[in-house]
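Below is one structure, written out as structure tokens; comments come after it.
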Amino acid sequence: MDDSKSHLLLQRNVNIKAIVTSRWKEEAQQQLQSQLNQIDNQLQQLEMQLQQVVSEMQRQTIQPPGPEASQQIEGVKTQFNQRKSELLEQKNQLLQQLQQVQMLELNQEVTQGQVNSTFRIEPGDNLIEKMQVEILLRDGIVEEIRGDV
């Protein structure tokens with residue numbers, strides 16, 4: 001019997017975990033702060049755009065504006081407010097993440113994401129064990145590969 005044909009190559013998700021170090025915490029906080037700054041800039045731009053659009057609409061309508069023009073202006077304000085609410089929600093989530101990062105203890109393990117991996121499986125292999133693989137990083141360096149590679 002030819003054993004070379006009795007195997008499969010499959011893909012699995014491999015969890016990536018990081019050990020919390022002072023460097024890791026600092027980098028995570030800087031990244032979150034950068035994202036917060038971007039959202040603040042977007043909020044400022046949104047406010048300026050709203051003022052420009054409303055001013056332009058008011059300038060183009062007769063004074064006092066009729067009900068149709070007023071409805072258009074309110075519709076534009078509603079759209080801008082929806083986008084503003086989305087940005088504020090994102091900002092709140094980032095602030096919560098920042099707070100969580102600050103509370104993490106050194107040497108604690110945290111999940112950072114996943115990558116795909118191809119692996120070989122043959123008759124007699126335990127598929128469950130082969131699917132449960134994770135990589136542990138310390139400051140970006142692989143410290144340990146856990147599971148049945």
- Check the pair D148, N126 against side-chain contact (heavy atoms from CB on, under 4.5 Å), reporting the backbone distance first and the verdict last. CA-CA 9 Å; D148 188 356; N126 185 327; 6.0 Å; no
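A continuous path of ILVMFWY side-chain contacts below 4.5 Å connects V14 to V149, so both sit in one hydrophobic cluster. In the hydrophobic clustering of this structure, L104 groups with L95; members are Ile, Leu, Val, Met, Phe, Trp, Tyr whose side-chain heavy atoms approach within less than 4.5 Å, directly or through other members. There is a path of hydrophobic side-chain contacts, each under 4.5 Å, that joins V115 to I145. Criterion: ILVMFWY side-chain heavy atoms under 4.5 Å apart, direct or through other members. Under it, V20 and I16 are not part of a common hydrophobic cluster.
Side-chain contact check for N107 versus R138: some heavy-atom pair is nearer than 4.5 Å. Contact check for L98 versus Q33: side-chain heavy atoms found under the 4.5 Å cut-off. Side-chain contact between Q93 and E89 is present, with heavy atoms from C-beta onward closer than 4.5 Å. With a 4.5 Å cut-off on side-chain heavy atoms, Q35 and Q90 do not count as touching. In this structure the side chain of V142 never reaches within 4.5 angstrom of the side chain of L136, judged on heavy atoms. Side-chain atoms of I39 and L94, non-hydrogen and from C-beta on, do get closer than 4.5 Å to each other.
K84 places no side-chain N or O within 3.5 Å of a backbone atom of L43 that could act as its donor or acceptor partner. The backbone N or O of Q30 sits nowhere less than 3.5 Å from a side-chain atom of S34 that would complete a donor-acceptor pair. Here the side chain of R120 pairs no donor or acceptor atom with the backbone of H7 at under 3.5 angstrom. Between the side chain of D125 and the backbone N or O of L127, no donor-acceptor pair lies under 3.5 Å. Judged by distance alone, the side chain of K17 and the main-chain N or O of E134 form no donor-acceptor pair under 3.5 Å.
Rounded to the nearest 0.5 Å, atoms CG (N92) and CG (L87) are 11.0 Å apart. The line from CG of N13 to CE of M131 is 7.0 Å long, rounded to the nearest 0.5 Å. Atom NZ of K25 sits about 8.5 Å away from atom CD of E105, to the nearest 0.5 Å. To the nearest 0.5 Å, atom CD of residue E109 and atom CD of residue E144 are 7.5 Å apart. The structure places CD of Q51 at 10.5 Å from CG of L46, a figure rounded to the nearest 0.5 Å. Atom OG of S55 is separated from atom CD1 of I73 by 9.5 Å, given to the nearest 0.5 angstrom.
Salt-bridge check for R23 with E26: failed, with every basic side-chain N at 4.0 Å or more from each acidic carboxylate O.
With W24 as the fixed residue, the side-chain contact (heavy atoms from CB on, under 4.5 Å) test singles out one of L106, V110, I19: V110.
P123 and S6 make their closest contact through CD-O, 2.8 Å (heavy atoms, listed as atom of the first residue, atom of the second, distance).
Residues satisfying the side chain to side chain contact (heavy atoms under 4.5 Å, CB included) criterion with V76, sequence neighbours excluded, are L50, V53, M57, F80.
Within a 6.0 Å sphere centred on CD of E122, other residues, nucleotides and ligands contribute more than 12 heavy atoms.
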